[in-house]
Amino acid sequence: MAIGSIIYAFELLIMVAMSVVSGEAFDYWDIADPILLTTLLSPALFILIFRPMRDQHTILEQTVSQRTQALELANRDAITREALLNQVLETTSIGTFMTDEQGRITRTNQTMATMFRRSAESIIGLEYIAMVDRVDVEAARTNTKRVRAADKVVIDVDRRYIRADQTQFWGYLTGRSFQQEGQANRTFVYALTDITERKRAEDATRIAATAFESQQGMTITDSQGTILQVNEAFTKITGYTVDEVIGKNPRLLQSGRQDAAFYKDMWECILLSGSWQGEVWNRRKNGEIYPEWLNVSAVKDDAGAITHFVGAFSDIGERKAAAQRIETLAFYDPLTELPNRALLQDRLKHALTASARHQRQGALLLIDLDNFKTINDTLGHEQGDLLIQQVAKRLVSCVRESDTVARVGGDEFIVLLENLNQNNQDVAKQAKITGDKILAQLHRPYEFGGVTHHSTASIGVTLFDSTYQDQIEEPLKQAELAMYQAKTAGRDTLRFFDPQMQAGVSARAALESRLREALVQDHFLLHYQPQVDAKNRITGAEALVRWLDPQRGMVFPGEFIPLAEETGLILPLGQWVLNTACAQLSSWASQPKMAHLTVAVNVSARQFHQGDFVEQVLDALKRTGANPRRLKLELTESMLVDDIEGVINKMSALKRMGTSFSLDDFGTGYSSLGYLKRLPIDQLKIDQGFVRDILIDPNDAAIAKMLIALADSMGLGVIAEGVETQEQRDFLTDLGCAAYQGYLFSRPLPLEEFEALVNRG
Ligand code: C2E
Ligand code: CA
Ligand code: CA
């Protein structure tokens, strides 16, 4: 009896203690311990409720003599226990109830009633299932069946319940069945705890934990910046484990790339606005420096005081590397890894802006290899690439790190020297020093493919200042012009851009557009210069083009033919001359005194080399009805050296029609007899250069003599041009020349004057 009392008292103590504990305001316990509570509680309840019955049963086995006394004791104990049980049930903060086999509630306590916002009486007789929220009814039913089917089952389960007022709460249920010996029906005892708060907290924790363990590195520090917690991503990114950083300051990640002012700004921003984000370069445990995107937020308590800082960051090294790769592709030359033209233009733009700010000048050097094409053509592109790479290296070695070396074309490089000086002379001097250094470097022999190679470069230099801020193409053009000057000057040299050079270029550009306009406006006309025979009879004329410019008056071909050749305008112009000359021939054909005249037309190289040149001539003849035999085409030696077969074919085709050929400016070229013989030429035209000094210069006389003899030996006609005096003419006659053209006979004349001249004679 005494022992029994002690046990009950002990159990009661646990119960009360537990009630007290669970009733306490410690959130933590509320969240974490109902499990512990109820597990402990179940055996306690078991002992309280069933021990008396078991005791009774034991008593029955005792001797009859003891029975009465024992029963008495037992009854008394039972009453006491019943009272105790009631007391415990009513004081515990755990809802308890018992059900029968059918799940009908047979007994409950006040806590349970309060939990369901009902009276205890109204609960008795209800089915347990009826108290479960609809969402969990299915699960509850299955579980109840399982419990009933089993012999002895302990259940513990989180489940939602519904109160009288239809509100829901989460309950944690434990329970077990008990079978009294000799009794068919079992009794089920349950403990139910409201765990709504715990559930909510669990959810919040789960969400927070999921968020915390994101891809982003996370650091939580206290208000002093001491690290309290980091996540797995933190370790992954920084290389530091949790243990290595807890208690430390995030400063241990600093790379030194940002200065104190940077961190000062950052903290000012956090303290002021509550957060900061930006790019920070940090150092991993292995020493590697990496860029991260960092977001720091201050956590404040209700009073607004900062309690924690949360840092979230992601490694943006990959993203940066990708961006860099894209930049490399767009702005660097893959062969040499030097900046390309786009990047150079960008740098130049900056340099021009900067020069405005600092009143300083810079220089632009355009470097063009002299013989790159030969190397490329003879050795192949791979060898050419090797040369380019070596040139690139040497160029870089010639300049300061702040200068730019760019590859802007196949064998074209640009060196941009910035921030040189304020004084023009000094800048030029420095640019010259660098340029000379480059020339010397590039002049040195190159070793690749096991062979020594030689190369040189031509450099054009221009100085720039803020004047060109809005026209960056200008310095580039100037450097190019200067580079061409260097080429003309014999290569392997350097030339400075000179403003006069520029003036010439601008004038040419203006001339070109006016020339174009003249073609459209039909501002050209032909003058005719007589060609005479030994008896001074006019046999024909050379058609010489003139430009009647409304602004400048008569413009002579020397001023526009070279440009027309360069720009291709010579093609439409040449065609116009051809057509006009043929039309003239056709018109003269019906004038008795003019009908015998030939017209010599100058053909430029570009014109002659057109694929359809023959067709163009035939077309002009056909359209005008001119007699091909009266048409003479003046070609020059230089245009006949390339593609000799093609030249012969063209000439032969025209010759078959009756058209003849005169070789203009003869003697100035480098014709070899061998090839001259193969060409179907009719006449050699001794250049006026030999005629001019034929009486004074024995060399010219000798050459003229030789040319005439040559023509004779080849069975070709010969005509001397530029004959100005009777003496010249007589000298030529003595040498055997029987046809002449020159001021002695007539200047080139406008059509009417020429016709008048012929008609007079
Ligand atoms: P060219 O074919 O050698 O023409 C002869 C040039 O010598 C002409 O100059 C002519 O006026 C000039 N001349 C003729 N006799 C004398 C003389 O006694 N003394 C001197 N000092 N000069 C004389 P022009 O007309 O100024 O033509 C210059 C060049 O322009 C021509 O040289 C020819 O190469 C080119 N040219 C003229 N017309 C045409 C044309 O229709 N087509 C092409 N492609 N070129 C043309
Ligand atoms: Ca001519
Ligand atoms: Ca000539």
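Whatever order the structure lists them in is the order used to number ligands and atoms, beginning at 1.
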**Prompt:** Would you say Thr580's side chain and Trp576's backbone share a donor-acceptor pair under 3.5 angstrom?
**Reply:** yes
Could you tabulate the donor-acceptor pairs under 3.5 Å formed by side-chain atoms of residues 706-719, not counting sequence neighbours?
| from | atom 1 | to | atom 2 | distance (Å) |
| --- | --- | --- | --- | --- |
| Ser713 | OG | Leu710 | O | 2.7 |

**Message:** Evaluate Phe524 against Phe560 for ring-ring contact (aromatic ring centres under 6.0 Å, His included), listing each step before the verdict.
**Reply:** CA-CA 12 Å; Phe524 293 99; Phe560 60 86; 5.8 Å; yes
**Message:** Strictly distance-based, threshold 3.5 Å: is any side-chain N or O of Ser662 a donor or acceptor partner for the main-chain N or O of Glu634?
**Reply:** no
**Prompt:** Any chance NZ of Lys705 has more than 12 other-residue heavy atoms, nucleotides or ligands included, within less than 6.0 Å?
**Reply:** no
**Item:** Polar side-chain atom of Gln471 near backbone of Tyr468 as donor-acceptor pair, under 3.5 Å
**Value:** no
**Request:** Report the residues that fulfil side-chain hydrogen bond (donor to acceptor under 3.5 Å, both in side chains) with Gln531, sequence neighbours left out, ordered by chain and then residue number.
**Result:** Lys632, Gln741
Quick check on ligand 1: any N or O pairs to the protein under 3.5 Å? One line per pair.
| from | atom 1 | to | atom 2 | distance (Å) |
| --- | --- | --- | --- | --- |
| ligand 1 | 2 (O) | Glu542 | OE2 | 3.2 |
| ligand 1 | 2 (O) | Asn602 | OD1 | 3.0 |
| ligand 1 | 2 (O) | Asp664 | OD2 | 3.0 |
| ligand 1 | 7 (O) | Gln688 | NE2 | 2.9 |
| ligand 1 | 15 (N) | Gln529 | NE2 | 2.9 |
| ligand 1 | 18 (O) | Tyr743 | N | 2.9 |
| ligand 1 | 19 (N) | Glu724 | OE2 | 2.5 |
| ligand 1 | 21 (N) | Glu724 | OE2 | 3.2 |
| ligand 1 | 22 (N) | Gln688 | OE1 | 3.3 |
| ligand 1 | 22 (N) | Tyr743 | OH | 3.3 |
| ligand 1 | 25 (O) | Arg546 | NH1 | 2.9 |
| ligand 1 | 25 (O) | Arg546 | NH2 | 2.9 |
| ligand 1 | 38 (N) | Val545 | N | 3.2 |
| ligand 1 | 42 (N) | Asn602 | O | 3.4 |

**Item:** Protein N/O/S neighbour count - the Ca ion (ligand 2), strictly under 3.0 Å
**Value:** 4
**Backbone of Asn536 reached by a side-chain donor or acceptor of Asp533 within 3.5 Å** = yes
**Request:** Any chance you could measure Glu755, atom CD, to Leu749, atom CG, to the nearest 0.5 Å?
**Result:** 11.0 Å
